[in-house]
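In what follows, a structure is listed as structure tokens, so that the remarks can point back to it.
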Amino acid sequence: MKSTSSDRKRLVLVAVFLFGLNVLLILQFYKIQIIQQEKWTQGALAQHQKIVVETFRRGTIYSNTTVKEGHLQEEQPFVLDVLKFHLYIDPNSIPTSEKKAVCKKICQFLNKADEKPIYQEFLKKSRSRKIAVWLDKDQKNQILSWWRAYAKQKKIVSNAVYFVKEYQRSYPFGAMLGQVLQTVQDIKDPKTMQAYPIGGLELSLNNFLKGKIGKKILQRSARNPMDSGVVINQPEDGADVYLTINHYLQAIVEEELKKGVEVSAAKGGWAIIMDPFNGNILALAQYPFFDPRKYREYFNSEELKEHAKVKAVSDAFEPASIFKVITTAICMQANDELIQKNKAPLFTPEEKVPTSNGHFPGRKKPLRDGRLHKFLNLNMALQKSSNVYFGQLIKRVIDTFGENWYREKLLQFGFGQKTNVELPAETLGLVPTPGKKHQNGTLEWSKSTPYSLAMGHNILINSIQMVKAFSVIANGGFLVEPTLIRKIQKNNEVILDNTIEKKYPQILKKEHCDRIIHGMRFVTKLGGSSPGGNIPGYTEAGKSGTSEKIIDGKYSRNHFISSFIGLAPAKAPRLVLLVCLDEPEVKWVPGRGKNHNGGICSAPIFKDIAKRALEYLGVEPDDNQKVKEFAYETKELRQLHKKWNL
Amino acid sequence: MQITKIMRLSVCLLVFTICLFSYLYKQNDLTRLKMQVPKINKQLQAINEEIRQLQYEIDQFENPARLMEMACHPDFNHLKHPLIKDIETIPEGVVLSYPRNDLEIDGPACIRNR
């Protein structure tokens, strides 16, 4: 067969056409491979790879293991993130015939008697259903080892049952320090994986504790388990917080406080131990306790919600007689100012002050003491907790310096201002201001106010403020700043350091502090208001107080806050301790007295806590029981009191 | 003359080849190690998590409330917190400067007595 010219033409046309097609194909390849390279690469990666969030660890909160000298200072966490696992299934990948068997076996592993709710999840048309949360590693491994063999045998894709890891806030010591630590919600922000803090240190230190998520690339394949993949962005863990609170001291305080609240049939109570020389809070306990692991139970109940807050910080109360110590300190400051001006001092601690007349300007009713005393000196007034004696001293202060001077001194001790302790919702309390009115229109400061203030009434304080002011007396006159944080550390780098020695302003002379401590030592001795506060083996100084609570705007005769504040050992204070009981039962205890008096219900708790705390700290006993420390001074004071009050 | 040049060139080439080979060999070693880093890092993370988990369990067991409860038990009643004055703190440098045998036989007391 011979080829004609038309055949040749046709052949050329076909060749040109094929060549054209080829050119188009090459152009298309060029477009896809070169021009649209990025778009198609991303598309392909999206089909084969998945970017998964890599979770971070929220900062750990550690106990203070440096309080005990000569001991190992191992890190001891109060709260830490522990790795847990959530169990997921892919119902679409599990054959219908196998669903029941798989569900049954998983329920066995999870110890769940009721299979129905989980089986409902198996029946849903979904690629991912969460069926169990917060499983530990052992549970995960058990389920996985069974599932891998089962999936292989039944030819089911192995990713049909998988685990997603997440950190859970965990508390090795359970409810210990619950109110201070508080907790975070179980749910997290789905985008940032940040936890939602509920309160306490978790809330106030959230900016330090929170971390940053990382990213991981995962190959989409039934052969690749969820925990495989390459991390492209490392997660950033949160900073670790080292508290001033020691776990062992905290346990002692919690145990003794619980016992004390139960013995006095009180509604609750709180106690604080502080190192008076640096403001470090060594223990802060409150009973009834708050268990962070069961936070839902607390916040779903109006009654239990009350126990979640730190009352020592958020609640203000009238300090009553424990405030007489501050009154004494202010009167001594007044003495100093007068001596500087070459004038006679306001009073001397040994002065015989007449205390039978309780009439003071502006008061309708005279001030009274528990028992009538004709004359008292400072030691006797502190020992007997005399209202009239301190009223007399403050009258001299007002007559000499005026109301504003007195108020300024109260502010100088830190009352009416935040202590800036690292907890949210701190109350300021209230120091009345001359000329200022309450919301109900009455004046905050009337003519009788200074005499009420002298014995701790008409003033509202929080417990941290009181401990801070009392520390001034314990440490030789320095106004320390209470703190709960020793240091904050991130990746071995200290980002906040409170361990560096600070200089605090001195607001009271050391000799005055020593004199007040001397006076307070009679309180727990025979004839004092709080003999139950006498610590066996150690010297102590303290003061009790009992204040009526304000219920429906009126002072209640049946609801009290009973407190005891003290320091120990008296000769070289190692700690300041405040114990407050909320509404102890109003009753007469034979052989002891009124149960609701601070000297009766709170002082024994002070004694028990202080004794155990000092023993734990390795402090050498300084009160020789055989020699009967301070017995001579007590006897002498009793004789003098008898002589003056015949 | 030419033979000498060729010889020299050959030696140079040989040395160059050996150096190149050794460089490539090192590079391969390095790549192999680099490939192991993520794997070892992952293992390390898993071990650290395991340690944290175990520490958490130990801490739960050594809860001070539980220890105090145990301290009340007659078997442990004799145990007391030591006083600070009874604790001898020896600087690490001093301990290390003494022969090991001395420390093992007499304990820290031997250092105090010397």
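In what follows, every chain begins at residue 1, and chains take the letters A, B, ... in the order their sequences are listed. Since this is a predicted model, take the numbers as computed values, not measurements.
Annotation for A:Pro288 and A:His307: closest pair CG-CE1, 3.6 Å, computed over non-hydrogen atoms.
Residue A:Leu144 holds its CG atom at 13.0 Å from OH of A:Tyr162, rounded to the nearest 0.5 Å. Annotation: the span from B:Ile47 atom CD1 to B:Lys42 atom NZ amounts to 13.5 Å, rounded to 0.5 Å.
Close approach to chain A, defined as a heavy atom under 4.5 Å from one of its heavy atoms, is seen in B:His81, B:Pro82 of residues 71-82 of chain B, taken by number. Of residues 55-65 of chain B, those residues lying under 4.5 Å from chain A by any heavy-atom pair are B:Tyr56, B:Asp59, B:Gln60, B:Glu62, B:Asn63, B:Pro64, B:Ala65. At a heavy-atom separation below 4.5 angstrom, chain B is approached by A:His247, A:Tyr248 within residues 235-250 of chain A. Contacts between residues 14-38 of chain B and chain A, counted as heavy-atom pairs separated by less than 4.5 Å, involve no residue at all.
When heavy atoms are compared at a cutoff of 4.5 Å, A:Leu617 approaches chain B solely by way of its backbone atoms N, CA, C and O. For chain B, the nearby parts of A:Glu69 are the backbone and the side chain; heavy atoms of each come within less than 4.5 Å. For A:Phe78, no part sits under 4.5 Å from any heavy atom of chain B, backbone or side chain. Contacts between B:Gln45 and chain A at a heavy-atom distance below 4.5 Å involve the side chain alone, from C-beta outward. The contact between B:Leu83 and chain A is made by backbone and side chain atoms together, counting heavy-atom distances below 4.5 Å.
More than 12 non-hydrogen atoms from other residues, nucleotides or ligands lie less than 6.0 angstrom from CD of A:Gln73. Atom NZ of A:Lys571 sits in a crowded spot, with more than 12 heavy atoms from other residues, nucleotides or ligands closer than 6.0 Å.
Of the possible polar contacts, none joining the A:Glu540 side chain to the A:Ala570 backbone as a donor-acceptor pair under 3.5 Å is found. Under a 3.5 Å cut-off, the side chain of A:Asp81 and the backbone N or O of A:Arg58 do form a donor-acceptor pair. Not a single donor-acceptor pair under 3.5 Å links the side chain of A:Gln76 to the backbone N or O of A:Tyr62. Listed for the A:Lys68 side chain is a donor-acceptor partner under 3.5 Å among the backbone atoms of A:Tyr616.
Comparing B:Met68, B:Lys85, B:Glu50, B:Arg66 by heavy-atom pairs within less than 4.5 Å of chain A, the highest count is held by B:Met68. Counting heavy-atom pairs closer than 4.5 Å to chain B, the top-ranked of the candidates A:Glu620, A:Glu615, A:Glu254 is A:Glu620. Between chain A and the residues B:Leu67, B:Asn41, B:Ile87, the largest count of heavy-atom pairs under 4.5 Å involves B:Ile87.
For A:Tyr171 and A:Phe173, the gap between ring centers reaches or exceeds 6.0 Å.
Side-chain polar atoms of A:Asp622 and A:Thr539 form a donor-acceptor pair below 3.5 angstrom. For the residue pair A:His86 and A:Glu166, a side-chain donor N or O sits within less than 3.5 Å of a side-chain acceptor on the partner.
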Test log, rule side chain to side chain donor-acceptor pair (under 3.5 Å), inputs A:Tyr287 and A:Glu255: CA-CA 9 Å; A:Tyr287 181 78; A:Glu255 191 179 293; over 6 Å; no
